[in-house]
Amino acid sequence: MNLYPRFAGHVAAALNELMAAGDLPAGLSLANVAVEPPRDASHGDMATNAAMVLAKPAGLKPRDIATMLALKLNRLPEVAEVEVAGPGFLNLRLHADVWRSELATITEQGADYGRSSIGANHRINVEYVSANPTGPMHMGHCRGAVVGDALASLLEWAGYGVTREYYINDAGGQVDTLARSAHLRYREALGETVVIPEGFYPGDYLIPVGEALLAEFGGQYQSAPEAEWLGLFRTRAVALMMDRIRADLAMLGIHQDVFFSEASLGPRVQEALEALTAKGLIYEGVLEAPKGEAAEDWEPRPQTLFKSSLFGDDSDRAMQKSDGSWTYFAGDVAYHWDKLQRGYDALVNLFGADHGGYVKRMQAAVRALSDGKVPLDIKIVQMVKLLRAGEPVKMSKRSGNFVTIADMVEEVGKDVVRFIMLTKRSDSQLDFDFAKVVEQSRENPVFYVQYAHARIASLRRKLAEADFDLPEPDLALLDEADLAMVKVAVQWPRIVEQAAEAREPHRVAFYLADLAAAFHSQWNAGNDDAARRFVRADAPALTAARLALADAVGQVIRNGLAVMGVEAADELH
RNA sequence: GCAUCCGUAGCUCAGCUGGAUAGAGUACUGCCCUCCGAAGGCAGGGGUCACAGGUUCGAAUCCUGUCGGAUGCGCCA
């Protein structure tokens with residue numbers, strides 16, 4: 001069992017003993033008792049707020065409870081010193097052997113060190129990317145893709161059963177436009193000179209689609225009426241776009257489990273509507289005019305509405321248009337109905353910042369359909385500003401020229417793209433500077449973390465050349481300065497759990513930067529004082545112990561990078 | 001008009017499921033440095049955590065309001 005849960009158990013056991021002995025009133029709730037590393041390392045290795053949290057319900061002074069608890073905890077063999085501090089904190093200092101044995105645990109568990117079972121195998125669906133299949137993936141999709149994928153991995157590490165999902169918007173007017181644009185390219189492939197009118201997709205990426213359509217169908221649809229080819233071309237063009245999107249995602253190392261087609265919803269929409277009707281949440285009504293910018297073409301009309309306002313939404317939402325056809329929202333409700341039917345315990349969606357206004361109605365729908373049993377967590381992913389040496393990169397969507405994911409990955413590599421996308425909370429804006437992200441300096445976290453890993457790898461290489469036999473590592477040879485690094489490394493299981501609970505994969509990137517800093521600091525100490533070096537030809541036993549230490553740190557870095565979907569480098573160039 | 005997110009050191013950001021003197025990098029100042037992998041090391045100065053109230057033993061963190069910024073609002077997708 002990992003360090004902190006283990007000590008939480010010790011503290012709980014001690015409190016239960018005090019309750020059993022009548023020193024504390026029986027039946028106190030320990031729910032708010034926390035056992036954590038103190039913010040300031042000089043306070044010790046571990047702290048608990050138990051005395052302060054329990055003071056009021058127990059009707060005792062915090063320091064009195066702390067003193068009783070201290071006596072109990074002091075008897076634990078792992079504890080070197082207990083101190084009551086401040087308003088009633090209990091600070092524990094642990095024996096150095098505790099850190100040595102934690103280090104051994106890292107070595108034993110290896111690539112699984114940090115995996116947790118707090119997810120209890122609950123099934124969770126993470127839907128991300130869901131870019132419209134009308135073009136290749138561009139920069140705007142990139143961050144959501146990376147954050148979603150890393151979050152999915154993180155949840156797997158935390159013990160959830162994760163499904164990675166992509167929703168294909170292949171049923172609206174946009175895909176008709178795609179089909180028409182593809183038809184133009186098809187005619188072009190037949191030798192016509194075409195002009196792409198306003199409102200069509202102008203991008204060059206449709207040229208090969210036109211060629212593919214020509215190869216499949218020959219010239220039979222060149223001048224045929226639209227009704228004859230629209231559905232066919234739509235299906236084919238969407239399929240080709242999805243191939244391309246999958247290839248783009250693969251460049252980022254992303255492979256989703258389920259690609260769910262909106263067009264395939266079919267009877268699900270009616271089912272979802274019936275489910276809501278059965279709950280009395282559907283009615284015919286007229287919505288008020290939207291506020292703000294006046295909508296010229298708005299007029300009040302009776303529609304089929306969902307009472308989403310009962311579930312925290314700002315207004316009720318239309319499911320069916322006045323002509324009886326479904327709204328886009330109805331499709332989304334049906335899609336989430338389908339997810340619920342598939343039996344997930346929790347749902348997570350990643351939305352671009354431009355869909356922020358959609359959050360409440362989706363949560364309302366899921367709450368209504370699942371009777372509040374299945375939480376839908378929606379993460380908003382903010383814009384990325386692309387820069388080149390501080391200057392904004394110019395993009396023109398109108399001409400169809402934008403920076404694609406393929407461009408980015410080709411220029412700086414998958415690992416750099418992924419890492420940088422995780423260096424800020426997803427709900428704040430991110431600058432991506434092509435020049436800075438490949439810089440080899442302390443400021444660049446990708447480099448800094450990879451550099452630590454490369455240095456560790458180089459120790460092994462150096463040793464292979466040096467030709468001296470190492471004994472089995474004896475961790476007892478590690479001193480306090482060596483163990484300082486272990487104290488950072490053993491935080492990893494906590495980071496996994498906390499980041500997973502908060503659904504914030506960026507915390508992994510920050511943690512790895514901290515761990516790398518601890519390692520570099522140790523390394524640099526060796527430059528000032530040769531006695532502190534990892535490899536000491538004059539001391540094989542110490543070298544063996546320090547290498548075990550370095551390897552463990554390298555292992556934790558690899559595990560963290562694995563969650564981020566970044567490969568660890570053994571060498572930098 | 002309403003909603004969501006944001007406002008922390010000169011700059012870029014952590015911390016936000018309440019805890020002890022608010023952290024990191026960068027920039028700035030002063031020393032040191034050619035090192036197991038150069039792409040530095042150590043130390044120091046720098047903050048009314050936008051503002052005002054409230055809850056609490058305790059608030060950057062929770063609640064309310066104000067100001068400022070971003071985004072969104074539809075029978076579109």
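Numbers restart at 1 for each chain; the letters A, B, ... are given by sequence-line order, proteins then strands.
Taking atom C1' in both B:U66 and B:A22, the straight-line distance is 25 Å, to the nearest Å. Look at the P atom in both B:U64 and B:A3: the space between them is 11 Å, to the nearest Å. Atom name C1', nucleotides B:U61 and B:C36: the rounded distance is 43 Å, in whole Å.
Atom NZ of A:Lys436 sits in a sparse spot, with 12 or fewer heavy atoms from other residues, nucleotides or ligands closer than 6.0 Å.
A salt bridge is defined here as a Lys NZ or Arg NE, NH1 or NH2 lying under 4.0 Å from an Asp or Glu carboxylate O, and A:Asp314 with A:Arg361 fails to meet this definition. Under a 4.0 Å N-O distance rule, the pair A:Asp551/A:Arg558 does not qualify as a salt bridge.
Within the nucleic acid shown, A:Ser458 comes within 4.0 Å of at least one base atom, counting heavy atoms only. Note on A:Ser322: a base of the nucleic acid sits closer than 4.0 angstrom, heavy atoms only.
A:Ser181 places no side-chain N or O within donor-acceptor distance of the main-chain N or O of A:Pro202, the cut-off being under 3.5 Å.
With a glycosidic angle further than 90° from 0, B:A60 counts as anti.
In the model, A:Thr304 has a side-chain atom that pairs as donor or acceptor with a side-chain atom of A:Glu284 under 3.5 Å.
Stacking between A:Phe89 and the base of B:A20 is present: ring centres sit under 5.5 Å apart and the planes differ by under 30 degrees. For B:C36, the base is stacked against the aromatic ring of A:Trp523, per a cut-off of 5.5 Å between centres and 30° between planes.
Stem list for RNA chain B (at least 3 consecutive Watson-Crick or G-U pairs, distances under 3.5 Å): B:1-7 with B:67-73, B:10-13 with B:23-26, B:28-32 with B:40-44, B:50-54 with B:62-66.
If you take CG of A:Asn524 and C1' of B:G37, they are 11 Å apart, rounded to a whole angstrom.
You'll find a donor-acceptor pair under 3.5 Å spanning the side chain of A:Asn91 and the base of B:A20, going by distance alone. Below the 3.5 angstrom threshold, one finds a donor paired with an acceptor across the side chain of A:Arg461 and the base of B:G37.
Across B:A14, B:A3, B:G37, the shortest atom-to-atom separation from the side chain of A:His506 is found for B:A14.
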